[in-house]
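Both backbone and side-chain heavy atoms feed into the values below; hydrogens, waters and symmetry mates do not. Keep in mind that this is a model prediction, so the values were computed, not measured.
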Amino acid sequence: MRMSRGPNENYVKSRVPRGFHLDVARKIQMALASRVVEEDLININNVDLVAGIDVAYINHKDTEIGISVASTYSISRSSIIEWSCWVGSIIFPYVPTLLSFRELKPVVNAYLRLRTKPQVVLIDGHGRAHPYRLGIASHFGVCLRIPTIGVAKSLLYGRMEGTEGPVLDVSTNEVIGWTVQCAPTKPTYVSVGYGISLGSAVNLVKRMCVGSQMPIPILHSHNTANSLKRRITKRLMGETTFEELDSECKASMGNYLS
């Protein structure tokens, strides 16, 4: 059995930047969580275009740089048809349960640069499988009103038994996610982000498993973000502005749409 009760709130409070009000953030999370729709707002049988979004980071001097990539996969064509990217400064540190306060900006910016908008978005992170029911996938979906699924490599909150099956709330036994076996040895944690049922989310993710922990769209974004990270790290050896780095990112996109 795997189980996580999530991080202690005192630990979380010790990690947030000075001037950040954790109590206000929790109220925002609970308010937005009440707006999450956990039913299919689209016909899941008609879904073809699915995007996956991931973010890589570079620590440079006193600055942290985020590189976000959104990749759109066509199920009918079995291929990535487009990807977009964004580069910019990140001011909020990584704090468990507050990932969306760090990654929402780069994730949204990469998504907005897609020329062909997907029907469903997969985000590397949790949705409802979160102590406050608002992981980054739910935060993104509620704000943009887009069917969204959280797909994560580790368990943030909940308990589960075996390699596949429900993720349960540790206090209420409510089903808050599902574990699937995309990779041979490592579980993948799926949860509702917004506008899709858990059953549909699990079925859709399984259709895009290729032996890796992450389904194809997120895997492509992860690999592309890390490739861009290596290129941009070389550019940072000189005097380079964020605008120039973002231009480097956009130039990499090219004319990929097919």
Side-chain angles (χ1 to χ4, degrees), residues 1-36 38 53-59 62-64 66 68 89-108 122-143 148-180 185-194 198 201 213-214 218 222:
M1 182 178 73
R2 293 185 179 90
M3 183 171 71
S4 174
R5 295 184 180 275
N8 180 277
E9 280 292 272
N10 287 331
Y11 170 77
V12 172
K13 192 172 183 178
S14 72
R15 298 272 298 175
V16 300
R18 181 176 298 178
F20 182 85
H21 298 287
L22 182 59
D23 56 337
V24 175
R26 295 307 190 204
K27 289 177 182 177
I28 291 171
Q29 288 179 313
M30 289 186 285
L32 293 178
S34 68
R35 302 180 189 177
V36 172
E38 296 187 73
I53 309 179
D54 196 12
V55 186
Y57 295 94
I58 300 171
N59 288 308
D62 296 328
T63 304
E64 189 170 30
S68 54
S89 63
I90 304 295
I91 60 173
F92 198 88
Y94 171 72
V95 183
T97 72
L98 294 172
L99 182 64
S100 60
F101 290 85
R102 171 177 171 84
E103 290 197 352
L104 193 61
K105 177 182 176 181
V107 164
V108 169
L122 312 183
I123 293 182
D124 186 359
H126 293 280
R128 297 293 266 176
H130 183 280
Y132 293 86
R133 297 294 188 274
L134 194 89
I136 186 169
S138 292
H139 203 149
F140 174 92
V142 168
C143 290
T148 309
I149 302 170
V151 187
K153 296 183 286 291
S154 60
L155 184 66
L156 172 67
Y157 177 76
R159 63 178 176 84
M160 49 81 62
E161 296 180 5
T163 56
E164 290 204 338
V167 176
L168 305 175
D169 185 286
V170 295
S171 299
T172 66
N173 284 332
E174 174 191 359
V175 177
I176 57 175
W178 205 268
T179 307
V180 301
T185 59
K186 298 178 180 179
T188 300
Y189 301 94
V190 177
S191 58
V192 170
Y194 175 87
L198 181 58
Q213 229 182 335
M214 290 288 102
I218 294 181
H222 173 82

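Here the side chain of S4 pairs a donor or acceptor atom with the backbone of L156 at under 3.5 angstrom. Distance alone, capped at 3.5 Å, places no donor-acceptor pair between the T148 side chain and the G193 backbone. One N or O on the side chain of S191 and one on the backbone of G127 form a donor-acceptor pair closer than 3.5 Å. With H222 contributing its side chain and A56 its backbone, the two residues share no donor-acceptor pair below 3.5 Å.
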Notebook entry, point to check: What do the steps show when you test E164 against V180 for side chain to side chain contact (heavy atoms under 4.5 Å, CB included), and what is the final call?
Noted result: CA-CA 5 Å; E164 290 204 338; V180 301; 4.1 Å; yes
Item checked: side chain to side chain contact (heavy atoms under 4.5 Å, CB included) between I91 and K105, worked out -> CA-CA 11 Å; I91 60 173; K105 177 182 176 181; over 6 Å; no
Next item on the list: Could you please spell out the steps behind the side chain to side chain contact (heavy atoms under 4.5 Å, CB included) verdict for K13 and V95?
Entry: CA-CA 9 Å; K13 192 172 183 178; V95 183; over 6 Å; no
Margin query: Pair V167, H126 - check side chain to side chain contact (heavy atoms under 4.5 Å, CB included), show working.
Written below: CA-CA 12 Å; V167 176; H126 293 280; over 6 Å; no
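Contact between S68 and P106 at its shortest, heavy atoms only, is OG-O, 2.7 Å. Taking every heavy atom of both residues into account, T63 and S89 meet most closely at CG2-CB, 4.4 Å. Among all heavy-atom pairs drawn from P96 and V12, the shortest one is O-CG2, 3.8 Å. The two atoms that bring R26 and L98 nearest to each other are NH1-CD2, 3.6 Å, heavy atoms only.
Geometrically, R2 does not engage Y189 in a cation-pi contact defined by less than 6.0 Å to the ring centre and at most 45° from the axis.
In this structure, E64 pairs ionically with R102, as a charged nitrogen and a carboxylate oxygen lie closer than 4.0 Å. Classification of E174 and R128 as a salt-bridged pair fails, no side-chain N sitting under 4.0 Å from a carboxylate O.
With contacts defined as side-chain heavy-atom distances shorter than 4.5 Å, the pair V151/M214 qualifies. Side-chain atoms of I123 and I149, non-hydrogen and from C-beta on, never get closer than 4.5 Å to each other. Looking at heavy atoms from C-beta onward, E9 lies in side-chain contact with L22 at the 4.5 angstrom threshold. L134 has its side chain out of reach of I28: every pair of non-hydrogen atoms, C-beta onward, lies at least 4.5 Å apart. The shortest side-chain heavy-atom distance between S138 and L32 does not fall under the 4.5 Å cut-off. A heavy-atom distance below 4.5 Å is found between the side chains of Y157 and R133. Side-chain contact between H130 and I176 is absent, with no heavy atoms from C-beta onward closer than 4.5 Å. Side-chain contact between N173 and R159 is present, with at least one heavy-atom pair separated by less than 4.5 Å.
Residue H139 holds its NE2 atom at 13.5 Å from OH of Y194, rounded to the nearest 0.5 Å. Distance check, rounded to the nearest 0.5 Å: OH of Y57 to CD of E103 gives 3.0 Å. Expressed to the nearest 0.5 Å, how far OG1 of T185 lies from CD of Q213 amounts to 8.0 Å.
In summary, of the residues considered (L99, D124, V107, I136), a side chain to side chain contact (heavy atoms under 4.5 Å, CB included) with V55 occurs for V107 alone.
Taking the six-membered ring for Trp and thresholds of 30 and 60 degrees, F92 and F101 have ring planes inclined between 30 and 60 degrees apart.
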